[in-house]
Trainee: 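I'd like to ask some things about the structure below.
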There are 4 protein chains.
Amino acid sequence: MRRRDGKKEQAIFDAAIRLITANGFADTSMSKIAKAAGVSPATIYVYFENKEDMLNKTYSHVKREMASALANGLSPELSVAEAFKVIWYNFFNYTLDNSVKFSFTEQFANSPIVDRVRKEEGMSYFLPLLAWFERGIREKVFRNISMELFAAFAFAPVMALAKQHNCGEVVLDEKTLKTAFDVTWSAITR
Amino acid sequence: MRRRDGKKEQAIFDAAIRLITANGFADTSMSKIAKAAGVSPATIYVYFENKEDMLNKTYSHVKREMASALANGLSPELSVAEAFKVIWYNFFNYTLDNSVKFSFTEQFANSPIVDRVRKEEGMSYFLPLLAWFERGIREKVFRNISMELFAAFAFAPVMALAKQHNCGEVVLDEKTLKTAFDVTWSAITR
Amino acid sequence: MRRRDGKKEQAIFDAAIRLITANGFADTSMSKIAKAAGVSPATIYVYFENKEDMLNKTYSHVKREMASALANGLSPELSVAEAFKVIWYNFFNYTLDNSVKFSFTEQFANSPIVDRVRKEEGMSYFLPLLAWFERGIREKVFRNISMELFAAFAFAPVMALAKQHNCGEVVLDEKTLKTAFDVTWSAITR
Amino acid sequence: MRRRDGKKEQAIFDAAIRLITANGFADTSMSKIAKAAGVSPATIYVYFENKEDMLNKTYSHVKREMASALANGLSPELSVAEAFKVIWYNFFNYTLDNSVKFSFTEQFANSPIVDRVRKEEGMSYFLPLLAWFERGIREKVFRNISMELFAAFAFAPVMALAKQHNCGEVVLDEKTLKTAFDVTWSAITR
DNA sequence: TATGAATGAGCCTTCATTCAT
DNA sequence: CATGAATGAAGGCTCATTCAT
């Protein structure tokens, strides 16, 4: 008996992300995903319970990868300011380098298709970053605001710009990026 | 000969916004919209060419209404600072009072379903507000940044918070709102 | 109160013949016919009971016209041979000059859509021509065969050629026509 | 993995031929064909791309069978006269024994529904018979006329009579058949 | 495990016909 | 008489999922 084939699962993930991002969840049939992944439609049901389960697992998969990317280069020796800068640029770079995956997750940010449980699970991957925020408050580097407010001002503008960049509506060069960071910094610090 | 019934069209708009926001575009059948609007499925095709056309026209309809709400209370005598405050609070209030319509438009912000033409048309309704931004730059109230950067920092955080509020993840009381405005203001001004 | 408008009825006939010939009966909607005829769909129901009735009446209309065309130039003084030649060429010319109407009737020759009653009515218009056949038998010009056999050999080949001509598969020049007539003549005469 | 079931395809062919001949193409729904064939509507789409493709393939299927029937009993030793007689009677017998299939093909002889490609493919099955015609010309048995004229006079009357027979308008007994053949023979020979 | 065949349910859309003016 | 709006019914087709191998 063959074991589950990790490569097949990965191929299904990749095909699903690509097709769903391009055409939307409902307009992406299991057959198309199967064909793009090089497997039979029935094979998908070996790895996932059903279409919704496949989406949820794919969503988690991407979110975990994304959270991991954000933490890249962080170390306890860094100052809060340095750490924030690292995270902020990591975020920007991830969205630009992985625009398809980024768009994929954004598509479900306000959608009822991905269930609440998975979304919270997705959030949880980012919790380690939260420690930096709390330290920033304690050290009186950041404004004394709630985490939600902080996140909204620290990352929502980045995401908005990244989306526009991926659509080709805006060009984000080195200088613009620096300006964006400066504005962000002046918003969240005392 | 019967005349076209504006009430029917409005009923279709309302039903479409409500159902599509709740279940997504693809999972909202024309039959369900028709039933919710109290008309026959075929009647929808009297007012719209097809499902996609219905979505596009509904999108425009909502965007126009939204832009109109944002301009409420504006007058040329206001200072830039006053005008911005009016617009910002108008925006916040609209998203809170019309959470369904706001979610509806957000659902298509990064989706290929609503066509580019309609999105640009939707944008155009907001152009009058642009004049205030340009005046703010001229008067050296705002930072000297591009309109895209400005919009990202002035409104993306509001939208992020509004979404969380509508999901029940965050409570936006008077005080929080004031804080949010202050942070925004410190971000975009010199 | 206005009386029924013959021009409208004629316009409906013309549109129906043209569209049904081009696209078939079932693929020609009442709305399309109405639009092509420059009237409202509801207006068609002033002149006809329903779609089937419209087809049947159109069919009769064309058949009567066709029978009339075949008799053109006939007169009692002609010999049987002369009369047959007139009819045969009339038939040929009609099919070539009125290829759309000819195709229209052919479309229903073996179809259950036009009812039996109308088909027999259509046949009846051709009865006057039958007298010439009987006279030809009596005068021992024609073979002593049944009317059905006679019709099959006298006209079926012409129709087959006319159809091919209208499809562009065959070119019928003067010389070919004469040959065709000669072959026909040698088939049906003693 | 299940294998494709030739019996299912044949059942679909049979049901389609029967129903389309009786009610016409447009008035024969895929559901009805499926039910008559004892399969699910969706199953038809396993074997055919769409309704039109199903019709085209069914048409080809019948044409091939028909051409095969016409060649039954032919052998190179036969004289042209003998061979023609064999073919002619084969044709007649086929139309009488397979009146439904014959009507089926006739229904599309002058219709744009079956595409040109399929019609030419259908024609091609009859090409082997063409050799006999050419030999008949060479041996100066047949008149020196084009193939189209030959076909029109050799077979169009047969077809016309067969149709009337199938409608019950004419009875074709042994003697009538012989007469028909004699008339045909006198038409096409010198 | 892996797969292509098979399917019942459902969707978008069209249409012949009627309604109301 | 004339008409555009309105509609219930039906059709072609797709799809998520299961079957049988």
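Residue numbering restarts at 1 for every chain, and letters A, B, ... go by the order of the sequence lines.
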Trainee: Is there a side-chain polar atom (N or O) of B:Lys8 under 4.0 Å from OP1 or OP2 of F:dA5?
Mentor: no

Trainee: Identify whether any heavy atom of D:Phe48 sits under 4.0 Å from a base atom; if not, whether one sits that close to sugar-phosphate; answer base, sugar-phosphate or nothing.
Mentor: nothing

Trainee: Does a side-chain N or O from C:Tyr47 land closer than 4.0 Å to OP1 or OP2 of F:dC1, or not?
Mentor: no

Trainee: Let's see if you can work this out: which of F:dT3, E:dT13, E:dA6 has an atom nearest to the side-chain heavy atoms of B:Tyr45?
Mentor: E:dT13

Trainee: Hey, would you say the B:Phe13 and B:Phe48 ring centroids sit under 6.0 Å apart?
Mentor: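 Centroid separation for B:Phe13 and B:Phe48: below 6.0 Å.
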
Trainee: Consider salt bridge (charged side-chain N to carboxylate O under 4.0 Å, His left out). Of A:Lys101, A:Lys163, A:Lys63, which one does A:Glu106 pass it with?
Mentor: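 Of the listed options, the one satisfying the test is A:Lys163.
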
Trainee: Would you state whether a donor and an acceptor, one from the side chain of D:Ser40 and one from the base of E:dG8, lie under 3.5 Å apart?
Mentor: yes

Trainee: Less than 4.5 Å apart, any side-chain heavy atom of B:Lys57 and any of B:Tyr47?
Mentor: no

Trainee: Output yes when at least one side-chain N/O atom of A:Lys32 is less than 4.0 Å from OP1 or OP2 of F:dT14, else no.
Mentor: no

Trainee: Between D:Thr43 and C:Phe25, which is nearer to the 5' end of DNA chain E once each is assigned its nearest nucleotide?
Mentor: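 Its nucleotide being nearer the 5' end, the pick is D:Thr43.
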
Trainee: Nearest-nucleotide wise, let me know which of D:Thr28 and C:Ala42 is further upstream toward the 5' end of DNA chain F.
Mentor: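 Its nearest nucleotide being more 5', the pick is C:Ala42.
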
Trainee: For C:Ile44 and E:dA16, what is the distance between atoms CD1 and P respectively, to the nearest whole Å?
Mentor: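 That distance rounds to 9 Å.
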
Trainee: Between D:Asp27 and C:Phe25, is there a side-chain heavy-atom distance shorter than 4.5 Å?
Mentor: no

Trainee: For B:Ser31 and C:Glu52, take the nucleotide of DNA chain E holding the closest heavy atom to each; which residue's nucleotide lies nearer the 5' end?
Mentor: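 Going by which nucleotide is closer to the 5' end, it is B:Ser31.
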
Trainee: Please give, in whole Å, the distance from F:dT14 P to B:Asp27 CG?
Mentor: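 It is 18 Å, rounded to the nearest whole Å.
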
Trainee: Both B:Arg4 and A:Ala26 contact DNA chain F. Which one's nearest nucleotide lies toward the 5' end?
Mentor: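 Looking at DNA chain F, the more 5' nearest nucleotide goes with B:Arg4.
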
